[in-house]
Amino acid sequence: MRKDFLPFTRPQVTEEDIACVSAVLRSGWITNGPANSGFEQEVAKLSNSKHAVALASATGAMHILLESMNIGSGDEVILPSMTWVSMVNMVELVGATPVFAEIDRETMLVTPESIAAVITERTRLIVPVHFAGVPVDIDGIRAVAGNIPVVEDAAHAIGTYYKGRHIGSDNSAIYSFHAIKNITCGEGGMFVTNDSELEKLMRRWKFHGISMDAFDRENRGRSPQAEVVEPGFKYNLTDICAALGLNQLKRLDAINARRTELAMLYREAFKNIPEIRPLGDPSGYDFKSAWHLFVVRVDTPKIDRDTFMAELKKLNIGTGLHFRCAHLQKFYREKYGYVPGVLPNTEYNSDRICSLPLFPDMTPDDVNDVIGAIKNVLAR
Ligand SMILES: *Cc1c(COP(=O)(O)O)cnc(C)c1O
């Protein structure tokens, strides 16, 4: 058994990251300033997007996206139930109705067909998730969406490519830089888009409804005359956080290459462990995964998923659960009357998935420890 606990993830923070954050702290300008603009420019470049708006979180981005699009009572937003529940909560909190699209049982991705099946005349927005770093068929989804906007939940997908182009290219997307994501600000998010009107609205909503940011590129500060156009929120990112994200972004390729290498070791090992089933790859398009998570399904009468996770923990192996489906959580179950069986593929996975340790500072020996512990648990 391992002597030390192997967490399911751990952010990679280098001395250079720390120096960049320290430089901001020493600069006399610690909230949104030059590091924010630098981070926005780099993420926009990576995504082939005209605009990027830095935010305190992806959840905050989703909230003000809905506000910017004037989505509320009587409107429907399509997203998977297999997503981080904060995105569903935002739909609910603006008074709109979340409508859940089914996922493919093996890839855990929503599909053009599953989305087409739930589009109605009330659908105002579609938010597919590039689950675990694997892209959905975004062209197919946009084709079935027609005039309905599609905004990609790219929280798992910084460094993900679809048909040779980075996620967010030619469309709007939301990234997260929460501590567990491939690169992190501690907490943070980014909205990318080519729509200049939407960018303007997002900037206004993220900062009190004032038509300008606190940091003006030329003036180093906001004009005291700037005024509230419509009340807004306070979702800006600090430069302390942005500096960390900006420096991490330089290592994105190396970080994702390491994740891929470790994921391939897992895939090889699971060929000989039929009780534990990794996800399958989507077919019909070319892609490169960011390998945000290594998700497996505990699919055996020998042991259930919760016991499997608990037993691994006793052997000093941490795991995560991404995600418990949203529609069967107390609030949604009670409000909408959802019962088990309405989304069979989502529920099949929700009951069986767990995320194994995967982070850039992990070693092949750590992967062997995980595999050894899994074999040990299954042999009992
Ligand atoms: C992490 C995550 C979010 C939310 O990101 P925050 O920055 O923590 O608000 C949204 N969607 C998915 C799929 C996520 O994994």
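Counting starts at 1 for both ligands and their atoms, in listed order.
Using a 4.0 Å cut-off between charged side-chain N and carboxylate O, Glu67 and Lys206 make no salt bridge. At a threshold of 4.0 Å, the pair Arg203-Glu40 counts as salt-bridged, since one of the basic side-chain nitrogens sits closer than that to a carboxylate oxygen. Classification of Arg258 and Asp361 as a salt-bridged pair fails, no side-chain N sitting under 4.0 Å from a carboxylate O. Taking a cutoff of 4.0 Å between a charged side-chain nitrogen and a carboxylate oxygen, Arg380 and Glu311 qualify as a salt bridge. The existence of a salt bridge linking Asp281 and Arg267 is confirmed by a sub-4.0 Å separation between a basic side-chain nitrogen and an acidic carboxylate oxygen.
Looking at ligand 1, you won't find any N or O of Trp84 less than 3.5 Å from one of its N or O atoms. Note: an N/O pair closer than 3.5 Å links Asp153 and ligand 1 by distance alone. Ligand 1 has an N or O atom lying under 3.5 Å from an N or O atom of Ala58, backbone or side chain.
Residue contact annotation: Phe323 has a non-hydrogen atom under 4.0 Å from ligand 1. Distances from ligand 1 to the non-hydrogen atoms of Lys181 include at least one value under 4.0 Å. Ligand 1 lies within reach of Gly188, whose nearest heavy atom is under 4.0 Å from it.
Using the six-membered ring where Trp is involved, Trp291 and Phe294 have ring planes that are parallel, under 30° apart on the 30 and 60° scheme. Aromatic ring pairs are classed by plane angle as parallel below 30°, tilted from 30° to 60° and perpendicular above 60°; the pair His166 and Tyr161 is perpendicular.
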Task: Derivation and outcome, side chain to side chain contact (heavy atoms under 4.5 Å, CB included), residues Ile103 and Val110 - done: CA-CA 4 Å; Ile103 53 172; Val110 293; 4.1 Å; yes
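From the protein, the heavy atom lying nearest to atom 7 (O) of ligand 1 is Ser176 OG, 2.7 Å.
Of all atoms in ligand 1, numbered sequentially from 1 with element shown, those under 4.0 Å from a heavy atom of Thr59 are 4 (C), 6 (P), 9 (O). Taking a cut-off of under 4.0 Å to the non-hydrogen atoms of His178, the atoms of ligand 1 that pass are 8 (O). The distance from ligand 1 to the heavy atoms of Ser57 drops below 4.0 Å at these ligand atoms: 7 (O), 9 (O).
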Residues 124-138, side-chain donor-acceptor partners within the protein, below 3.5 Å, at least two apart:
{"residue": "Arg124", "atom": "NH1", "partner": "Asn70", "partner atom": "O", "Å": "3.4"}
{"residue": "Arg124", "atom": "NH1", "partner": "Asp75", "partner atom": "OD2", "Å": "3.1"}
{"residue": "Arg124", "atom": "NH2", "partner": "Met69", "partner atom": "O", "Å": "2.7"}
{"residue": "His130", "atom": "ND1", "partner": "Val136", "partner atom": "N", "Å": "3.0"}
{"residue": "His130", "atom": "NE2", "partner": "Glu152", "partner atom": "OE1", "Å": "2.8"}
{"residue": "Asp137", "atom": "OD1", "partner": "Gly140", "partner atom": "N", "Å": "3.2"}
{"residue": "Asp137", "atom": "OD1", "partner": "Tyr162", "partner atom": "OH", "Å": "2.6"}

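The side chain of Thr83, and not its backbone, has at least one atom closer than 4.0 Å to an atom of ligand 1 (non-hydrogen atoms only; side chain from C-beta on). Residue Met62 does not touch ligand 1, judged by heavy-atom distances below 4.0 Å. Looking at His156 against ligand 1, only its side chain comes within 4.0 Å, counting heavy atoms.
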